[in-house]
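Notes for the one structure printed next.
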Amino acid sequence: MSATAPHPTRRVSTPGSAPGSDEGAVQGTGPGAAGARAEIVVDLDAIEHNTRVLSALVAPAAFMAVVKADAYGHGMLEVAAAARRAGAPWLGVATAEEALTLRADGDTGRLLCWVFAPGDDYTAVLDADVDVAVYTPAQVAQVAETAERLGCVARVHLKIDTGLSRGGAREPEWPALVAAAKKAQDAGSLHAVGVWSHLVASDEPENPVTDLQAAVFDRAVAVAEQAGLALEVRHVANSAAAVLRPELRHDLVRCGIALYGLDAAPGVMPAIGLRPAMTVRGRLAMVKEIPAGQGVSYGHAWTAGRATTLGLVPVGYADGIPRAASPGAEVWVDGRRRPVRGKVCMDQIVVDLEGDTPAAGSEFVLLGPGTHGEPTADDWAAAIGTINYEVVSRLGGRLVRRHVGGSATSHR
Ligand SMILES: *Cc1c(COP(=O)(O)O)cnc(C)c1O
């Protein structure tokens with residue numbers, strides 16, 4: 001694996017340990033996992049399955065697997081390889097570093113990178129045959145100069161700001177961006193292959209802003225085509241729009257959260273048969289009895305109303321479990337969900353076993369697909385007051401990631 005991989009990862013070939021294959025446990029425990037304090041298990045079969053389901057759903061539009069932010073906490077290189085195996089023609093990332101890490105790992109397919117800042121050097125990404133997003137005429141000029149120096153033709157995707165007010169040219173500035181791209185294209189150093197945008201509220205199908213954005217997008221495409229740009233891909237849809245707004249699929253959809261099998265809008269993903277890929281599990285560090293009236297964790301934010309038993313889960317906010325998870329979050333232990341008690345600590349959390357006494361070392365599951373009753377990323381998001389995206393993409397710290405399944409267990 002590349003030395004620049006952003007998170008410690010063990011690749012373990014454990015075909016027999018795919019989720020559900022281990023009797024009595026929520027997740028397979030496989031060789032190398034038996035003693036794991038706490039780990040993120042990522043089911044690459046689910047990633048491949050979700051890639052195939054989404055690709056078939058959106059066809060004839062093409063599918064882009066968005067693997068930015070270490071694949072939303074799932075491990076960028078492994079997820080990207082799984083998506084490619086399942087036929088994803090495009091990958092999408094935010095930063096140049098992410099794009100270059102994929103190339104260093106041997107990925108050679110179409111790859112779009114969209115977060116740049118003034119002063120960035122495009123040499124490495126253009127040299128690595130990465131498609132880049134452009135937002136301003138100045139950026140077009142810089143990309144064109146770099147390509148000319150390298151003797152290559154840069155592939156760019158012009159971004160129209162249709163209302164998100166994030167990156168991209170607003171409609172009044174759009175003709176100037178198109179003209180700059182056309183000029184550079186005529187000079188031979190750049191090819192404007194795409195026009196794209198990003199939605200404000202794709203997860204709210206009733207929100208009228210989506211229609212307004214779609215209208216701006218259509219006008220922007222028309223302006224680009226009238227200026228003589230022969231576009232290869234028009235793209236605006238993320239996961240929620242790819243599913244909920246078929247008319248917005250255009251030539252390409254950019255799916256992140258759905259690739260991981262998580263809901264982009266309530267109830268949408270299970271309806272099309274996507275499978276959550278991530279499970280966070282490990283072994284209880286300790287089990288103990290406490291009497292009625294005993295306070296638990298820092299500040300004694302929670303006090304036992306009656307005698308109970310506690311389980312110590314060796315994961316904390318330094319591993320990406322938000323402190324705001326308590327009270328409200330639950331952890332699966334010994335066949336049931338157990339409430340988190342008291343404050344989440346840096347390295348540990350305490351759960352209420354309510355008189356049960358599983359052995360220390362018993363399995364806990366912080367979150368998973370939910371098929372065995374364990375909490376899901378959505379349950380954690382609800383407990384914290386955030387979205388599933390933030391729950392999974394923040395997980396890390398000292399959690400070790402382990403990939404299981406996948407049609408090729410030995411990596412490239
Ligand atoms: C992250 C991102 C996506 C993926 O969005 P999902 O809602 O996870 O599908 C698509 N496009 C852009 C520009 C993004 O930044």
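Predicted model, so just to flag it, every value in this text is computed and none were measured. In this chain, numbering begins with 1 at the start of the sequence shown. Every number for a ligand or one of its atoms is a count from 1 in the order of the listing.
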**OP:** Mark up the atoms of ligand 1 that fall under 4.0 Å of a heavy atom belonging to Y72, in ascending order.
**Re:** 1 (C), 4 (C), 5 (O), 6 (P), 8 (O)
Subject >> Mutual orientation of the aromatic rings belonging to F217 and H250 [parallel < 30°, tilted 30-60°, perpendicular > 60°] >> reply: tilted
Original post:
For ligand 1, which atoms have a heavy atom of W196 less than 4.0 angstrom away?
Top reply: 13 (C)
**OP:** Taking the side chain as every heavy atom from C-beta outward, state whether R281 and V41 have any pair of such atoms under 4.5 Å apart.
**Re:** yes
**OP:** Among all protein heavy atoms, pick out the one at the shortest distance from atom 9 (O) of ligand 1; state its residue, atom name and that distance to 0.1 Å.
**Re:** S239 OG, 2.5 Å
Original post:
Taking atom types as modelled and ignoring hydrogens, do the side chains of S189 and E148 form a donor-acceptor contact shorter than 3.5 angstrom?
Top reply: no
**OP:** Indicate yes or no: at least one non-hydrogen side-chain atom of K159 is less than 4.5 angstrom from one of V134.
**Re:** no
**OP:** Could you list the atoms of ligand 1 found under 4.0 angstrom from a heavy atom of C255?
**Re:** 9 (O)
Original post:
Is it the side chain, the backbone, both or neither of Y260 that has a heavy atom closer than 4.0 Å to ligand 1?
Top reply: neither
Original post:
Do L126 and R155 come within less than 4.5 Å of each other through their side chains, counting heavy atoms only?
Top reply: no
Subject >> Subset of ligand 1 atoms that lie under 4.0 Å from at least one heavy atom of G256 >> reply: 4 (C), 6 (P), 8 (O), 9 (O)
**OP:** Looking only at protein heavy atoms, identify the closest one to atom 12 (C) of ligand 1 and say how far it is in Å.
**Re:** H198 CE1, 3.3 Å
**OP:** Enumerate the atoms of ligand 1 whose separation from the nearest heavy atom of R254 is less than 4.0 angstrom.
**Re:** 4 (C), 9 (O), 10 (C), 11 (N), 12 (C), 13 (C)
**OP:** Would you indicate which of R166, H235, M64, K68 comes nearest to atom 3 (C) of ligand 1 when only heavy atoms are counted?
**Re:** K68
**OP:** Can you sort out which atoms of ligand 1 are near N238, meaning under 4.0 Å from one of its heavy atoms?
**Re:** 5 (O), 6 (P), 7 (O), 9 (O)
**OP:** Would you mind listing which atoms of ligand 1 come within a distance below 4.0 Å of any non-hydrogen atom of Y389?
**Re:** 6 (P), 7 (O), 8 (O)
Original post:
Strictly by modelled atom types, are Q139 and Y122 linked by a side-chain donor-acceptor pair under 3.5 Å?
Top reply: yes
Subject >> Trace of the side chain to side chain contact (heavy atoms under 4.5 Å, CB included) decision for V200 with E204 >> reply: CA-CA 9 Å; V200 171; E204 300 168 18; over 6 Å; no
Subject >> Any side-chain heavy-atom pair of R275 and D45 under 4.5 Å >> reply: yes
Original post:
Which of the atoms of ligand 1 are close to I257, meaning less than 4.0 Å from one of its heavy atoms?
Top reply: 6 (P), 8 (O), 9 (O)
